[in-house]
Chemist: 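Dumping the structure here so I can ask a few things about it.
One-based numbering, in listed order, for ligands and for the atoms of each. Note that the numbering runs from 1 along the sequence shown for the chain.
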Amino acid sequence: MLTAERDTPHDASPAAWKALPAAQQPDWPDPGALDRVTKELATLPPLVVASESRDLLAALGRVADGEAFLLQAGDCAESFDSFSAESVKRRLQVILQMAVVLTYSSGVPTVKIGRIAGQFAKPRSSGTETVDGVTLPSFRGHIVNGDAFTEEARVPDPGRLLQAYHQSSSTLNLLRSLTRGGFSDLAEVHAWNQDFVTATPQGQQYKALADEIGRALRFMTACGVDTGSLPTLHQTDFFTSHEALLLPYEEALTRRDPMSGDLYATSAHMIWIGERTRQLDGAHVAYFASVANPIGCKVGPTATPEEVLALCEALNPDRVPGRLTLISRMGAAKIEEGLKPLLAAVRDAGHPVVWACDPMHGNTFTSDSGHKTRRVDDILDEIAGFFRAHAAEGTWAGGVHVELTSDDVTECLGGSHEILDSDLDTRYETVCDPRLNGRQSLDLAFRVAEALRARS
Ligand code: PEP
Ligand code: CO
C-alpha cells in the first residue's frame, strides 16, 4: 500500500504524487519555464476557498443519502478563443434552466456544478495526430497547446497555465455575481429560455413550467409569505469543477486551510479523475487522496468491482458521504449489465458514494462525414439504463454529468429537432468532444425529470 494513499489530507503533502507515474502529462519542452510558472501560480490567490468546497461536500452528502440530485454540466473543453461574458452567462443560463426543470418536476433539490472556470486540460487516446501524412503532437486543451494543426501551435507552452488561471478567475468572478441575485432570481425563470428554443416543443414545455412557477410564487405572496426575504428564491448555489489532469498546476494551487488544517485544491470546488488516469498506483489517485475537496472519478466499461472498491478505499477511506462521486461512462449498450455489479459491490461494502451517469463519453464515434459525434438517442438510452440498473440494485441514481453548450450548435446527431450527419458541418464549434446544444440539453432535462418522477 502506498503511503500517499493512506495519508489523510491533514498530514499529506501536495507533492506526494511526484514519486509516482503520472499518465497523460504533456512533454514540456522547457522544464525550467514550467517551474517558473508553477512558482508564480503558487503566489497567486486561490480561486475558491475551503469553506465553499465544504458546502459542496455537504450538498453532495445529501445526494449520497438519496435526498438530492446532481447536475454536472458544461463544456468538454473550455476555449481561450471563444471566451466572453456572454458565453459564460449563456452556459450558466442553460444549467439553471435544466436544474429548474429537474427540481420542479421531481421535487428533489438539484445540486448544480459546472464543468467551467478551469475545464481546460484534455487526456488524449493518442499522443500524436496524423493528417494527410503529417504527424504532430495531439492537442491537449488550451491550458497546454493550441488546437491549430501546425507544429508551432502544438508545442506545450507553460505560459498557458497562467492564462487558464486568469480566465478561470474572471469566469468565477462573473459566475459569483450572476448567482448572487438578479439573473438567477427564480422570478427570472422565463428569461432563461433562449430565443432559438422558445418556439420549439421543449421551449413551450419549459414556458408552461415557468408559468406554473410564477403562479406558485404569486400564490405564496398572496398567502402572506414574504418571498422577498427568502434568499433561496433570489440566489442560487453554483459550484465549479474540472478534470484535474495537470498535476503541476493543481499542486501550485493546493493550499492548507487554516481552519481545518487540511489541504484543499483551490482551482475548483470539485475536481475529478478521468478514465485514463485512475490507476490505483498512479500520481493522480495519490494527489486526489491528499486533498479534502469533494472529488469524482470516472468509471468506464473495463472497471471491475475490485478496482472500484479499491478506488473507494484509496479516495474515501473515512467514508465521508459526498466526498466521492463515481461517474459511470460505459456506453448505452453496456451500462445496465456493466453497472449492476459495481453498484452491488459498493453498496455491500457500505461506501457512501454519489453515483452519477456520464452518458457522453461511452457513446462517441466518427460519423460518415468524418465528424466526432454522439447520437442523442444513445445518450438518452444510457441514462435510462443507468436508472434501470439503480432500480434493480435498490441504489440511488444520484445525478448526470453532461457536455453541453447553450448555443445552437450542430455537434450531436438526432434529438427532436433531428440533426443529421449532413448538418454537422453547419455549426460544429467544439474544440474537443461534441456537445448537446441548448435545445437538446433542455430535452434531456425533461427526460431525466420523467425518470426521477417515475422512481418516487
Ligand atoms: C471528459 O470528461 O471530457 C473525459 C475526457 O472523460 P473520460 O475521462 O471519461 O474519457
Ligand atoms: Co469530453
Chemist: So does C432 have any N/O/S atom less than 2.8 Å away from the Co ion (ligand 2)?
Modeler: no
Chemist: List the closest protein heavy-atom neighbour of atom 8 (O) of ligand 1: residue, atom name, distance to the nearest 0.1 Å.
Modeler: E275 N, 2.9 Å
Chemist: Measuring from the Co ion (ligand 2), name the closest N, O or S atom belonging to D433.
Modeler: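 In D433, the N, O or S atom with the shortest distance to the Co ion (ligand 2) is OD2.
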Chemist: Show the atoms of ligand 1 that are less than 4.0 angstrom away from any heavy atom in E403.
Modeler: 1 (C), 2 (O), 3 (O)
Chemist: Would you mind listing which atoms of ligand 1 come within a distance below 4.0 Å of any non-hydrogen atom of R115?
Modeler: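 Selected atoms, number and element: 1 (C), 2 (O), 3 (O).
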Chemist: I need the single residue from K122, R91, R115 that forms a salt bridge (Lys or Arg N to Asp or Glu O under 4.0 Å) with D75. Which is it?
Modeler: R91
Chemist: Does the side chain of T410 pick up a donor-acceptor pair with the side chain of D423 at under 3.5 Å?
Modeler: no
Chemist: Among all protein heavy atoms, pick out the one at the shortest distance from atom 5 (C) of ligand 1; state its residue, atom name and that distance to 0.1 Å.
Modeler: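 The protein heavy atom lying closest is P123 CG, 3.7 Å.
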Chemist: Hey, what do you get for CG (L245) to CD (Q24), rounding to the nearest 0.5 Å?
Modeler: 6.5 Å
Chemist: With atoms numbered from 1 as shown, which atoms in ligand 1 lie under 4.0 angstrom from a non-hydrogen atom of R276?
Modeler: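 Selected atoms, number and element: 10 (O).
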Chemist: I need the nearest protein heavy-atom contact for atom 1 (C) of ligand 1: residue, atom name and distance, please.
Modeler: H361 NE2, 3.0 Å
Chemist: Just one of R435, R439, R427 clears the salt bridge (Lys or Arg N to Asp or Glu O under 4.0 Å) bar with D408, so which one?
Modeler: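 The single option meeting the salt bridge (Lys or Arg N to Asp or Glu O under 4.0 Å) with D408 is R439.
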Chemist: Which of the N/O/S atoms in E403 sits closest to the Co ion (ligand 2)?
Modeler: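 This residue's closest N, O or S atom turns out to be OE2.
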Chemist: Please write down residue, atom name and distance for the protein heavy atom closest to atom 7 (P) of ligand 1.
Modeler: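 Of every protein heavy atom, K298 NZ, 3.5 Å lies nearest to atom 7 (P) of ligand 1.
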Chemist: What protein heavy atom sits nearest atom 10 (O) of ligand 1, and how far off is it?
Modeler: R329 NH2, 2.9 Å
Chemist: Should you measure from each heavy atom of G274, which atoms of ligand 1 turn up under 4.0 Å away?
Modeler: 8 (O)
Chemist: Answer yes or no: is there a donor N or O on one side and an acceptor on the other, between the side chain of E78 and the main chain of Q119, under 3.5 Å?
Modeler: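 Indeed, once roles are kept as given, a pair shorter than 3.5 Å links the two residues.
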Chemist: Identify the protein heavy atom lying closest to atom 3 (O) of ligand 1, giving its residue, its atom name and the separation to 0.1 Å.
Modeler: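 Here the closest protein heavy atom is K122 NZ, 2.7 Å.
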Chemist: Measure from NZ or CZ of R347 to the centre of the six-membered ring of W396, then state whether that distance is under 6.0 Å and the direction lies within 45° of the axis.
Modeler: no
Chemist: Determine the sole option in F83, F80, F120 for which the ring-ring contact (aromatic ring centres under 6.0 Å, His included) test with H142 is passed.
Modeler: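 It is F80; the other options fail the test.
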Chemist: Hey, is the main chain of R90 close enough, under 3.5 Å, to the side chain of S406 for a donor-acceptor pair?
Modeler: yes
Chemist: Between T364 and K372, do the side chains contain a donor N or O and an acceptor N or O under 3.5 Å apart?
Modeler: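 No donor-acceptor contact under 3.5 Å links the two side chains.
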